2 protein chains.
Amino acid sequence: MSDYKKRSEIIIRKLRQSGLKMTPQRLAIVNVLAKSEGHPSVEDIHARLKKEFPTMSLATVYRNIVLLKSLGEVLELGFPDGSNRYDGNRPFPHPHLICIKCKKILDPDLDSLEKMKKEVESETNFRILSHRLDFFGICSACLSEKV
Amino acid sequence: MSDYKKRSEIIIRKLRQSGLKMTPQRLAIVNVLAKSEGHPSVEDIHARLKKEFPTMSLATVYRNIVLLKSLGEVLELGFPDGSNRYDGNRPFPHPHLICIKCKKILDPDLDSLEKMKKEVESETNFRILSHRLDFFGICSACLSEKV
DNA sequence: TATTAAATGATAATTGTTATCATTTAATAC
DNA sequence: GTATTAAATGATAACAATTATCATTTAATA
């Protein structure tokens, strides 16, 4: 079974355990977020589901994202331009590489992050509970493009 | 001369060089941002200057921040709750320690960040132009507080 | 099938920010 | 000092993203 289907099932199980109703709209939103292809915005999700659910309300997308965030099953990525995009596939803080040219978001592995957190905690006496690490620049695909 | 007065002068010099007018309101806003005590929000700046300039408009604060950002003399700190705060004292990207209890923002030194950027660039072929690194948690003052 | 609490859809309200425009003012030339 | 003019300001309207409201619909359960 694919990675995102597993994520869907995990999220849906948690929703059921919380005594919440499984509506077709909710299921569809969870599926899009579990996949999180391209780290969709609210508008992206709404647009993607408009065909299947012509009456799908923006409010429903917002409501379900708020719910899933509160359950810890969706990560909100807020960007410097004020826009928000969402990741239900990796709902824990993790570094991003954000291409300012093609707007793609990559999720690199970064072994040194844990080391850095330890360095900060020992040097400053600050107890780290969460973090945010984003690199902005040009991805390899855009770098190798002819202008 | 204090650090922030030097920052003021640098910013003011750049504004003059750009052929912009030095109004009393602009000077006052620059001074608050050059100091950046507590990393003020737009509202903070507006409130702080209301006594000296009773007619100071919010729009003027916004306009001058946009201007100073475009000159690279102010850094905008956008937080997960959607709020923005500003730093005209260190207008380059740098890590923050953000206390979720007392809301204070600390600026730690972090030698390992440059190393991490090199690691990312060599492993992923991504050209890093800028970054954002924030740690959320509890500061030492709040940790040692009696409950 | 009936019941009921929860979810939805439509849309109003809210908030933070930007745009508009008439008025004021800093910089400059005289 | 006065006149000139482009820029800045103040007041407020417009805007966009998000949240709240409320009547209607629906999933879960009996």
Side-chain angles (χ1 to χ4, degrees), chain A residues 11-33 39-71 73-86, chain B residues 11-33 39-71 73-86:
Chain A
I11 297 172
I12 289 165
R13 195 175 318 131
K14 199 176 221 178
L15 288 168
R16 286 197 197 285
Q17 283 170 352
S18 309
L20 297 161
K21 292 185 181 173
M22 295 312 309
T23 64
Q25 293 94 330
R26 173 164 290 163
L27 277 170
I29 292 166
V30 165
N31 276 321
V32 173
L33 283 167
H39 299 70
S41 67
V42 166
E43 277 298 344
D44 291 336
I45 297 167
H46 187 244
R48 201 169 309 178
L49 296 176
K50 207 73 213 240
K51 283 155 209 158
E52 194 182 347
F53 301 90
T55 66
M56 165 82 75
S57 169
L58 255 186
T60 296
V61 181
Y62 274 109
R63 274 187 290 237
N64 278 287
I65 285 176
V66 168
L67 173 67
L68 293 166
K69 278 198 294 178
S70 76
L71 293 174
E73 296 299 330
V74 158
L75 183 72
E76 183 173 67
L77 316 175
F79 292 102
D81 68 354
S83 65
N84 287 314
R85 292 165 71 175
Y86 297 89
Chain B
I11 296 172
I12 290 164
R13 196 175 318 131
K14 198 176 223 179
L15 289 168
R16 285 197 197 286
Q17 284 169 351
S18 309
L20 296 161
K21 292 186 182 176
M22 295 312 307
T23 64
Q25 293 93 330
R26 173 164 290 164
L27 277 170
I29 292 166
V30 165
N31 276 321
V32 173
L33 284 167
H39 299 71
S41 66
V42 166
E43 278 297 344
D44 291 337
I45 298 167
H46 187 243
R48 200 170 307 178
L49 297 176
K50 207 73 213 240
K51 284 154 206 159
E52 195 183 348
F53 301 90
T55 66
M56 165 82 74
S57 169
L58 256 186
T60 296
V61 181
Y62 275 109
R63 273 187 291 236
N64 278 286
I65 285 177
V66 168
L67 173 66
L68 293 165
K69 277 199 294 179
S70 76
L71 293 174
E73 297 299 330
V74 159
L75 182 71
E76 183 172 66
L77 316 175
F79 292 103
D81 67 354
S83 65
N84 287 314
R85 292 165 72 176
Y86 298 88

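In what follows, every chain begins at residue 1, and chains take the letters A, B, ... in the order their sequences are listed. Both backbone and side-chain heavy atoms feed into the values below; hydrogens, waters and symmetry mates do not. Nothing here was measured: the structure is a model prediction, and the numbers come from that model.
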Inset, instruction - Send over the distance from A:R16 CZ to C:dA5 P, rounded to a whole Å. - result: 21 Å
Legend entry - Rounded distance in Å - CG (A:D81) to P (C:dG16): 18 Å
Inset, instruction - State which of C:dA10, D:dT12, C:dT25 makes the closest approach to the side chain of B:A59. - result: D:dT12
Legend entry - Heavy-atom side-chain contact between B:L20 and B:L67 under 4.5 Å: yes
Inset, instruction - Please tell me which of the listed nucleotides, D:dT18, D:dT9, D:dA28, lies nearest to the side chain of A:M22? - result: D:dA28
Inset, instruction - Could you please name the partner base of C:dC30, counting Watson-Crick and G-U wobble pairs only when both distances are under 3.5 Å? - result: D:dG1
Inset, instruction - Provide, to the nearest angstrom, the distance between the CD atom belonging to A:E52 and the P atom belonging to C:dT8. - result: 14 Å
Inset, instruction - Tell me the partner of D:dT29, counting only Watson-Crick (N1-N3 plus N6-O4 or O6-N4) or G-U wobble (N1-O2 and O6-N3) with both under 3.5 Å; none if nothing fits. - result: C:dA2
Inset, instruction - Could you check A:T60 against B:E43 and say which one's nearest nucleotide on DNA chain C is further toward the 5' end? - result: A:T60
Inset, instruction - Just call it for B:P24: base, sugar-phosphate, or nothing, with non-hydrogen atoms closer than 4.0 Å on any strand. - result: sugar-phosphate
Legend entry - Expected output: side-chain A:S57 to main-chain A:A59 donor-acceptor under 3.5 Å: yes
Inset, instruction - Examine distances only and state if a side-chain atom of A:H46 and a backbone atom of A:M56 form a donor-acceptor pair shorter than 3.5 Å. - result: yes
Inset, instruction - Output yes when a side-chain donor or acceptor of B:K14 lies under 3.5 Å from a complementary backbone atom of B:L71, and no otherwise. - result: yes
Inset, instruction - Specify the separation, in whole Å, of atom OH of B:Y62 and atom C1' of D:dC15. - result: 13 Å
Inset, instruction - To the nearest Å, give me how far apart NE2 (B:H46) and C1' (C:dT15) are. - result: 16 Å
Inset, instruction - Provide, to the nearest angstrom, the distance between the NZ atom belonging to A:K21 and the P atom belonging to C:dG9. - result: 14 Å
Legend entry - Main-chain N/O of B:G78 paired with B:R85 side-chain donor or acceptor, under 3.5 Å: no
Legend entry - Closest nucleotide among D:dA11, C:dA27, C:dT8 to the B:T55 side chain: D:dA11
Legend entry - Watson-Crick or G-U counterpart of D:dT19, or none if no pair lies under 3.5 Å: C:dA12
Inset, instruction - Tell me what A:R63 touches on the nucleic acid: a base, only sugar-phosphate, or nothing, going by heavy atoms under 4.0 Å. - result: base
Inset, instruction - Please report, rounded to the nearest Å, how far the C1' atom of C:dA26 is from the CG atom of B:L27. - result: 11 Å
Legend entry - Nucleotide paired to D:dT24 in any strand shown, Watson-Crick or G-U, under 3.5 Å: C:dA7
Inset, instruction - Return the value, rounded to whole Å, for the distance between atom CG of A:L20 and atom C1' of D:dT29. - result: 16 Å
Legend entry - Which nucleotide in C:dA5, D:dG10, C:dG9 has an atom nearest any side-chain atom of A:Q25: C:dG9
Inset, instruction - Give a yes/no on whether any side-chain N or O of B:T23 is located under 4.0 angstrom from OP1 or OP2 of D:dA8. - result: no
Inset, instruction - Check whether any side-chain heavy atom of B:Y86 lies under 4.5 Å from a side-chain heavy atom of B:L77, and answer yes or no. - result: no
Inset, instruction - Respond yes when some side-chain nitrogen or oxygen of B:N84 is under 4.0 Å from OP1 or OP2 of C:dG16, and no when none is. - result: no
Inset, instruction - Report the residue (B:M56 or A:V66) whose heavy-atom-nearest nucleotide on DNA chain D is the more 5′ of the two. - result: B:M56
